[in-house]
Structures are given as structure tokens and as C-alpha cells.
Amino acid sequence: MIRPLAAITATLLLLSFPAAAQDAEEGEPFCIDTRRIDRTTVIDNQTILVEMVGRDDFRKITLSSRCPGLKIAGGFSYETRLAKLCRTEIIRPVQEPLAAPCAIDSIAAISPEEAEALRQQR
């Protein structure tokens, strides 16, 4: 038996966080646990490949717009309080303290084949 109050609360929570609900439905990870990041590779000024600890576990970060200096810098920095890198988080090219902030638009799990195709684009 579903209690009406619990059903209303769950509905309100889903309505309050439509982006999170949408990501979960599409199977897209909303965040990356930074403690599980093994290596990152900057593909271009808008795309980052993330290799997670564990075999064949990859994520593709797409930024909301081009991030000048990211490809040249070859890496990025971020600040997080919860050891999670999530959509809408801000990153900056390393060694560019005055660089404009760059927002993460999406984080998607990708196959090893897709990861290799990204590496080839470098």
C-alpha cells in the first residue's frame, strides 16, 4: 500500500529536480566520484575523456561551450566539496589562473570502443 503523503513527497522531489530525473531515465551518470578517477585526457577544448578505476570504465565530459586554453594546457582543475564532479560544475585549464570558468554540460558513460575513438581524435 502506498501512503498518499509518501507519493506526494516523491512526486514533489522529482519535480524539484527535473534534470536529475531526466539523466537517471536516460542512463547518463549525473556525477563522477572523483576518488574513482584514474586518468583524464583532454580531447579538445570542449571534450574530456575520463578513465575510471576499474577495467573498461570510461566517461565523456562535454563542456557547455568551448573552453579556451584547455587543449593546450592538457589538464584542468576543479573544486568540489563532496568528492563528486557533476553537471554544471566549473573547471579551469591548469596553469591558467585567470582563465574563464568552463561549465560541464554533460557526463556520459561510454564504451571502450568509444573511448578509443576519442583518443584517436587528439
*Asks:* Yes or no on side-chain contact (heavy atoms from CB on, under 4.5 Å) for Thr41 and Leu118, after CA distance, side-chain angles and deciding distance?
*Replies:* CA-CA 9 Å; Thr41 305; Leu118 281 175; over 6 Å; no
*Asks:* Test side-chain contact (heavy atoms from CB on, under 4.5 Å) on Ile61 and Ile32; report intermediate values, then the result.
*Replies:* CA-CA 10 Å; Ile61 295 176; Ile32 295 174; 4.1 Å; yes
*Asks:* Within the 4.5 Å heavy-atom criterion, are Ile104 and Tyr78 side-chain neighbours or not?
*Replies:* no
*Asks:* Would you indicate whether Ile72, at its atom CD1, is surrounded by more than 12 heavy atoms from other residues, nucleotides or ligands within a distance under 6.0 Å?
*Replies:* no
*Asks:* Is it true that Leu49 and Leu70 fall in one hydrophobic cluster, defined by side-chain heavy atoms closer than 4.5 Å?
*Replies:* no
*Asks:* Of the options Val50, Asp44, Asn45, which is the one that meets Ile48 in a side chain to side chain contact (heavy atoms under 4.5 Å, CB included)?
*Replies:* Val50
*Asks:* Quick one: which residue pairs count as a disulfide (SG to SG under 2.5 Å) with a foot in residues 50-86, not counting sequence neighbours?
*Replies:* Cys31-Cys86, Cys67-Cys102
*Asks:* How far does CZ of Arg55 sit from CG of Asp38, to the nearest 0.5 angstrom?
*Replies:* 14.5 Å
*Asks:* Using a 4.5 Å cut-off between side-chain heavy atoms of Ile, Leu, Val, Met, Phe, Trp and Tyr, which other residues end up in the same hydrophobic cluster as Ile90?
*Replies:* none
*Asks:* Hey, could you give me the CE/CZ distance between Met52 and Arg39, rounded to the nearest 0.5 Å?
*Replies:* 13.5 Å
*Asks:* Report, as yes or no, whether the 6.0 Å neighbourhood of atom NZ on Lys60 holds more than 12 heavy atoms from other residues, nucleotides or ligands.
*Replies:* no
*Asks:* Do you know the tightest heavy-atom contact between Pro112 and Phe58?
*Replies:* CA-CE1, 3.7 Å
*Asks:* Do you know which two heavy atoms are closest between Val42 and Arg122, and how far apart they sit?
*Replies:* O-NE, 3.5 Å
*Asks:* Can you tell me how far the CD atom of Glu89 sits from the CD1 atom of Ile107, to the nearest 0.5 Å?
*Replies:* 8.0 Å
*Asks:* Under the 3.5 angstrom rule, does the side chain of Arg59 hit a backbone N or O of Ala108 as a donor-acceptor pair?
*Replies:* no
*Asks:* If we only count heavy atoms from C-beta on, is the Thr47 to Gln121 side-chain gap below 4.5 Å?
*Replies:* no
*Asks:* For a side-chain contact (heavy atoms from CB on, under 4.5 Å) check, start with the C-alpha distance between Leu63 and Ile91, then their side-chain angles and the critical distance, and finish with the verdict.
*Replies:* CA-CA 9 Å; Leu63 303 175; Ile91 68 165; 3.8 Å; yes
